[in-house]
2 protein chains.
Amino acid sequence: MEIEKYRELIKSIVEKHGQCDSDDLPAATLRDREVETQIAFDLERDRYLMFHIGWRGERRVFGCVIHIEIREGKIWIQRDGTEVGIANELIASGVPKPDIVLGYRSPYMRKFTELAVG
Amino acid sequence: MEIEKYRELIKSIVEKHGQCDSDDLPAATLRDREVETQIAFDLERDRYLMFHIGWRGERRVFGCVIHIEIREGKIWIQRDGTEVGIANELIASGVPKPDIVLGYRSPYMRKFTELAVG
C-alpha cells in the first residue's frame with residue numbers, strides 16, 4: 001500500500017473514533033463545561049491525533065487518546081486509547097504487519113509481536 | 001492584531017520551546033530509546049501542539065506539553081507545561097489580555113484573572 005493510502009486510512013480511523021465519542025464541535029457551539037473530542041492532523045509532519053478536552057464540573061479533563069505518525073513508510077502508533085485497538089483496525093484494512101510499529105510498547109517487547117520493531 | 005499574526009506568533013512560540021528542549025528530529029535520526037520533542041500544527045483547525053514522546057529505558061514517556069488553539073479570534077491555552085508561561089509570552093508580544101483564554105483554568109476561576117473567560 002502506498003503512503004497516500006495510509007494517510008487516508010489513518011485519517012478515516014481517527015475521524016471515526018472522534019465521531020463515536022461525540023462530534024468534533026465547531027467553535028461556535030463549544031460548551032465550555034463539557035468534554036469535547038478533538039482531532040488534529042499535521043499533514044506536513046504526518047501526525048494524526050485525537051484529544052479529550054474539557055471540564056467535568058471543576059475537574060479538568062485533558063488527554064491525548066490517539067497519536068499516530070508515519071515515519072519512513074511505517075505507521076507508528078504512539079498512543080492508543082481505543083477499545084478495538086488501532087493496530088487491529090489497520091490490519092483489518094489490509095496494512096501488512098511489518099508496516100505497523102507499536103510505539104507505546106517498549107522496543108524490547110516489540111520483538112515478541114508479529115509487528116515491526118521500528 | 002489579526003488572526004494571521006496570532007497564528008505566526010503561536011507557531012514561533014511553540015517552535016522555540018521545541019528547540020529549547022531538543023531538536024525536532026527528522027525521522028531518519030529517530031533514536032528509539034530516547035525522549036523526543038515533537039511539534040504538530042493543524043493549520044486547518046488552528047491547533048498548535050508540542051509533545052514529549054519516547055522511552056527512558058523500559059519506562060514510557062508520553063506527554064502533551066503545549067496545546068494552543070484559536071477559537072473565534074481568541075487564543076485558548078489548553079495545556080501549558082512551560083516554565084515561562086505561554087500567556088506571559090503572548091502578552092509580552094503584544095496580544096491584548098481579552099484575547100487570551102486560560103483553558104486549563106476552570107471557567108469559574110477565569111473570572112478572577114485579567115484574561116478572557118472564553
Side-chain angles (χ1 to χ4, degrees), chain A residues 11 14 18 24-34 36 38-65 67-74 76-81 101-110 116-118, chain B residues 11 14 18 24-34 36 38-65 67-74 76-81 101-110 116-118:
Chain A
K11 280 194 269 186
V14 175
D24 196 26
L25 300 169
T29 62
L30 172 70
R31 292 158 302 173
D32 202 30
R33 284 160 194 279
E34 300 184 14
E36 179 192 3
Q38 280 193 355
I39 57 179
F41 296 155
D42 185 327
L43 306 176
E44 193 191 326
R45 296 176 184 82
D46 262 334
R47 290 172 183 157
Y48 306 88
L49 315 159
M50 194 183 105
F51 289 91
H52 285 160
I53 300 187
W55 293 90
R56 293 212 179 87
E58 288 292 298
R59 198 176 141 255
R60 177 65 166 165
V61 175
F62 184 99
C64 179
V65 184
H67 182 309
I68 305 172
E69 45 185 349
I70 302 178
R71 292 175 179 267
E72 299 173 308
K74 288 189 198 294
W76 285 68
I77 304 169
Q78 299 284 14
R79 186 82 159 187
D80 181 3
V101 183
L102 299 182
Y104 56 84
R105 288 269 177 86
S106 76
Y108 176 77
M109 291 303 292
R110 280 178 219 151
V117 173
Chain B
K11 280 193 269 187
V14 175
D24 195 27
L25 300 169
T29 62
L30 173 70
R31 292 158 304 175
D32 202 29
R33 284 159 194 282
E34 299 183 17
E36 179 191 3
Q38 280 193 355
I39 56 178
F41 296 156
D42 185 327
L43 305 175
E44 194 192 324
R45 296 175 184 81
D46 262 334
R47 291 173 182 155
Y48 305 89
L49 314 159
M50 194 183 106
F51 289 90
H52 285 160
I53 301 186
W55 293 90
R56 291 210 180 90
E58 287 293 299
R59 198 177 140 256
R60 177 64 167 166
V61 176
F62 184 98
C64 179
V65 185
H67 183 309
I68 305 172
E69 43 184 350
I70 302 178
R71 291 178 180 265
E72 300 174 306
K74 289 189 196 297
W76 285 68
I77 305 168
Q78 300 283 16
R79 187 82 159 189
D80 181 3
V101 183
L102 299 182
Y104 56 83
R105 288 268 178 87
S106 75
Y108 176 77
M109 291 303 290
R110 281 179 218 149
V117 173

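These numbers come from a predicted model, not from an experiment. Lettering of chains follows the sequences in order, A, B, ..., and the numbering in each one begins at 1.
- Between B:I39 and A:D42, the closest heavy-atom pair is O-OD2, 4.2 Å.
- Heavy atoms closer than 4.5 Å to chain B are found in the side chain of A:F51, but not in its backbone.
- To the nearest 0.5 Å, atom CZ of residue B:R47 and atom CD1 of residue A:I53 are 7.0 Å apart.
- For B:R105, the part lying under 4.5 angstrom from a heavy atom of chain A is the backbone only.
- Rounding to the nearest 0.5 angstrom, the gap separating the CD atom in A:Q78 from the CZ atom in B:F62 is 7.5 Å.
- Neither the backbone nor the side chain of B:E44 comes within less than 4.5 Å of any heavy atom of chain A.
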Test side-chain contact (heavy atoms from CB on, under 4.5 Å) on A:Q38 and B:E69 and set out the steps. CA-CA 11 Å; A:Q38 280 193 355; B:E69 43 184 350; 2.8 Å; yes
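- Exactly one of B:E58, B:R60, B:R59 qualifies for a side chain to side chain donor-acceptor pair (under 3.5 Å) with A:S106. That residue is B:E58.
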